[in-house]
Structure formats: structure tokens, C-alpha cells
Number of protein chains: 2
Amino acid sequence: MARAPTTADAFNAVAEPRRRDILNYLALAERSVSEIVDALEMEQPSVSKHLRVLKDVGLVDARREGRQMLYRVNALAIRPLWEWTTTFERLWRHQLVKVKENAEKKTNL
Amino acid sequence: MARAPTTADAFNAVAEPRRRDILNYLALAERSVSEIVDALEMEQPSVSKHLRVLKDVGLVDARREGRQMLYRVNALAIRPLWEWTTTFERLWRHQLVKVKENAEKKTNL
DNA sequence: TTGACATATTCCCATATGGGAATATATTGA
DNA sequence: TCAATATATTCCCATATGGGAATATGTCAA
């Protein structure tokens, strides 16, 4: 078996930095493909291919307006990632407390 | 260029479901490799290889105790993923409000 | 030293990747 | 119908993958 396809789920789709760039940009507003191309300075076919992956996993929705395709984020599809990460929140808070304690110990020497 | 290596960053490392399984299990307590193997019913070499990836990106730390290697989560390394997802939190809350409104409209018909 | 246990690494392979280049498809206006 | 614009798809390729199988490395106990 090889690595899971990028379209397997949101976790895989989001592993690619350029796709996160696109999502970040779309978080501001609905945008056409060419707006994304201009804003992120990517090749048009590359943007279309990334959008295809994002759409396949439900991270974006699209609608046609004339010759343009307007894409927008489907934020609800990002929520499962957020939910997974929050299961570790208690742990990193605990780590931060310990880091702070160590810093204070050093200061009191 | 091919896909970014799984060791490129936490986003890539975490895209693999078995690695998330391992992290979930380690969230409970520090564990040896064989405990992971038994608990998750995976092959030992597979677990070692996944742990290697997780360690390379800093998602786990390890220490030796006799013949065993004890692994634990480094939750702070998960925080950047959480931070990225939270930038969309406002958006999905807004989506959920709209979903609720539509549901209420239907009820009032 | 030797054997047993615990873990890590190597080799092989089918599969998927993202970028570049070229081309196909869709929509509009003349 | 045809040309122009906007997007999508296809083909090619170097690269990395995860699993399986085999083997190497490390540590302890006798």
C-alpha cells in the first residue's frame, strides 16, 4: 500500500501548504480562480488542481458565475481537524505550565 | 516535484491515520513500542517506522528504559495545527447559525 | 560470551504525488 | 459561427510512500 490519496480526507488534503494558502485566502471571501492565481502567484492549472482536491474532500464549495467559478471555504469541514487537535489541548497547557515553572525556578536562583 | 515528505512538518505527519491512532493512544500515557503494537494491533516494524516519522517532526519524544523505548506525546507540536484550524472557527460558527435558522424556518411553516 | 527479548532499519513494490507544458472544455459577445 | 476569456484536464516524471519480509542493532541476564 502507498500513502493515502490527498483526497482521502481533510487531514490529507490540508497537508499540502499551497492548499492551506488557498484556504487561508478563501477564508476572507469567496474568490474566482484567477483571483487566487493572482493573489498567491501560482500557475492556473496548479490552482485548479488544488481546488479539485479541496472540493473532493468538501473543504470548498464552488458555483459558476458566467465564465468564472467562484470558490468559498466550507469551514465545517475543517472542524474535525480542530476537534482532533483539541483532544491534546489539556496536555500542551500542562506542558506550558511546566515550562513556566522551570523559568521561575531559574529566576529565583 | 512530488508530494512533500511526511517528515516535512506536523501537518504531513498527522495525515496518516495510523499515526493519529498512535498519538491518540500516547495521549493517555507514556508507552513502550510493544504496548503500542499490542494496543493498536499493528506490526512492530510498522509502529517503529511511524514513530520515527513522529519523532522527526517533534510530535513525540522518546527515552530508553532498559530494552524498551518509551514514547510520549509532545503536545506542543500539535498546537500549530490547532492554531491554524481556529482561524476558521468564526466561519463555521456562522455556518452553524445559518443551519439552525433554516431549521427553525422549516419548523414554523 | 551467548541467547532471548525489544526495537530499528533495509529492501522491495504498487501507488500517488505536484509541477510543467500542452490541450480540452465552457461561456460570452460579436 | 468564431474569437476571446476563464477553468479544467491530461500527460510526463522525479520522488516519496506504507506495508511485508527479512535482518540488523541494542540491552539484559545467566
Side-chain angles (χ1 to χ4, degrees), chain A residues 1-26 29-72, chain B residues 1-26 29-72:
Chain A
M1 196 186 297
R3 208 203 301 204
T6 57
T7 52
D9 54 41
F11 282 95
N12 280 280
V14 145
E16 167 65 29
R18 306 318 302 262
R19 283 197 283 269
R20 290 201 301 279
D21 291 342
I22 292 174
L23 290 172
N24 291 340
Y25 182 58
L26 291 180
E30 186 182 53
R31 299 288 189 181
S32 70
V33 176
S34 46
E35 282 175 319
I36 300 172
V37 167
D38 292 345
L40 304 185
E41 297 183 305
M42 299 171 63
E43 298 294 325
Q44 177 268 313
S46 182
V47 169
S48 282
K49 280 185 272 190
H50 283 311
L51 286 169
R52 174 73 197 268
V53 172
L54 292 172
K55 200 180 175 199
D56 283 351
V57 298
L59 280 165
V60 301
D61 292 316
R63 67 186 175 94
R64 179 174 283 283
E65 182 154 313
R67 308 180 199 179
Q68 309 201 130
M69 290 293 291
L70 299 181
Y71 284 84
R72 63 184 174 286
Chain B
M1 196 186 298
R3 206 201 305 203
T6 57
T7 53
D9 55 41
F11 282 94
N12 280 281
V14 146
E16 168 65 31
R18 308 317 303 260
R19 283 197 282 269
R20 290 200 301 279
D21 291 343
I22 291 175
L23 289 172
N24 290 341
Y25 182 59
L26 291 180
E30 187 183 52
R31 298 288 189 182
S32 71
V33 176
S34 46
E35 282 175 318
I36 301 172
V37 167
D38 292 345
L40 304 185
E41 296 182 306
M42 300 171 62
E43 298 293 325
Q44 177 268 313
S46 182
V47 169
S48 283
K49 280 185 273 190
H50 284 310
L51 286 169
R52 174 74 196 268
V53 173
L54 292 173
K55 199 180 176 199
D56 283 350
V57 298
L59 280 165
V60 301
D61 293 316
R63 66 186 178 95
R64 179 172 284 284
E65 182 153 313
R67 308 180 200 180
Q68 310 201 128
M69 290 293 291
L70 299 181
Y71 285 84
R72 64 185 174 286

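Just so we're on the same page: letters track the sequence lines, and every chain starts at 1. Basis for what follows: all heavy atoms, side chains included, without hydrogens, waters or symmetry-related copies.
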Original post:
Taking CG from B:Leu40 and C1' from D:dG19, how many angstroms apart are they, rounded to a whole number?
Top reply: 16 Å

**OP:** Kindly say if B:Arg52 contacts the phosphate of C:dT9, meaning a side-chain N or O under 4.0 Å from OP1 or OP2.
**Re:** yes

Subject >> B:Glu35 side chain vs B:Ser32 backbone, donor-acceptor pair below 3.5 Å >> reply: yes

Original post:
Quick check: are there more than 12 heavy atoms from other residues, nucleotides or ligands sitting under 6.0 Å from CZ of B:Arg72?
Top reply: yes

Original post:
Between A:Asp9 and A:Asn12, does any side-chain donor sit less than 3.5 Å from a side-chain acceptor?
Top reply: yes

**OP:** Could you run through nucleotides 22-30 of chain C and give me one letter per nucleotide, 5' to 3': B if any protein heavy atom sits under 4.0 Å from the base, S if only the sugar-phosphate is that close, - if neither?
**Re:** B---SBB--

**OP:** With DNA chain C as reference, determine whether A:Ala2 or A:Glu16 sits nearer its 5' end, using the nearest nucleotide of each.
**Re:** A:Ala2

**OP:** Could you check which residues of residues 19-26 of chain B get a heavy atom under 4.0 Å from DNA chain C? Sort them by number, please.
**Re:** none

Subject >> B:Arg20 charged N/C atom sitting above A:Phe11 aromatic ring, 6.0 Å / 45° >> reply: yes

Original post:
So what does A:Met1 touch, heavy atoms closer than 4.0 Å: a base, only the sugar-phosphate, or nothing?
Top reply: base

**OP:** Check whether any side-chain nitrogen or oxygen of A:Ser46 sits under 4.0 Å from OP1 or OP2 of C:dG18, and answer yes or no.
**Re:** no

Original post:
Does a nitrogen or oxygen in the side chain of B:Thr6 sit under 4.0 Å from OP1 or OP2 of D:dT17?
Top reply: yes

**OP:** Take B:Arg18 and B:His50 through the side chain to side chain donor-acceptor pair (under 3.5 Å) test and state the conclusion after the steps.
**Re:** CA-CA 8 Å; B:Arg18 308 317 303 260; B:His50 284 310; over 6 Å; no

**OP:** To the nearest Å, give me how far apart CD (B:Gln68) and C1' (C:dC5) are.
**Re:** 10 Å

Original post:
For D:dA8, does either OP1 or OP2 sit under 4.0 Å from a side-chain N or O belonging to A:Tyr71?
Top reply: yes

Original post:
In whole Å, what is the span from the CZ atom of B:Arg63 to the C1' atom of C:dT7?
Top reply: 16 Å

Original post:
Looking across every strand, which nucleic acid part, if any, lies under 4.0 Å from A:Ser48 by heavy atom: base, sugar-phosphate, or nothing?
Top reply: base

**OP:** Write down the distance between CG (A:Asp56) and C1' (D:dT9), rounded to a whole number of angstrom.
**Re:** 13 Å

**OP:** Please answer whether the main-chain N or O of A:Gly66 pairs with a side-chain N or O of A:Arg64 as donor and acceptor at a distance below 3.5 Å.
**Re:** yes

Original post:
Does a side-chain N or O from B:Ser34 land closer than 4.0 Å to OP1 or OP2 of C:dT7, or not?
Top reply: yes

Original post:
Any idea which of C:dA21, C:dG18, D:dG20 is nearest the A:Lys49 side chain?
Top reply: C:dA21

**OP:** Measure the angle between the two terminal helix axes of the helix from C:dT1-D:dA30 to C:dA30-D:dT1, five base pairs each, and quote it to 10°.
**Re:** 10°

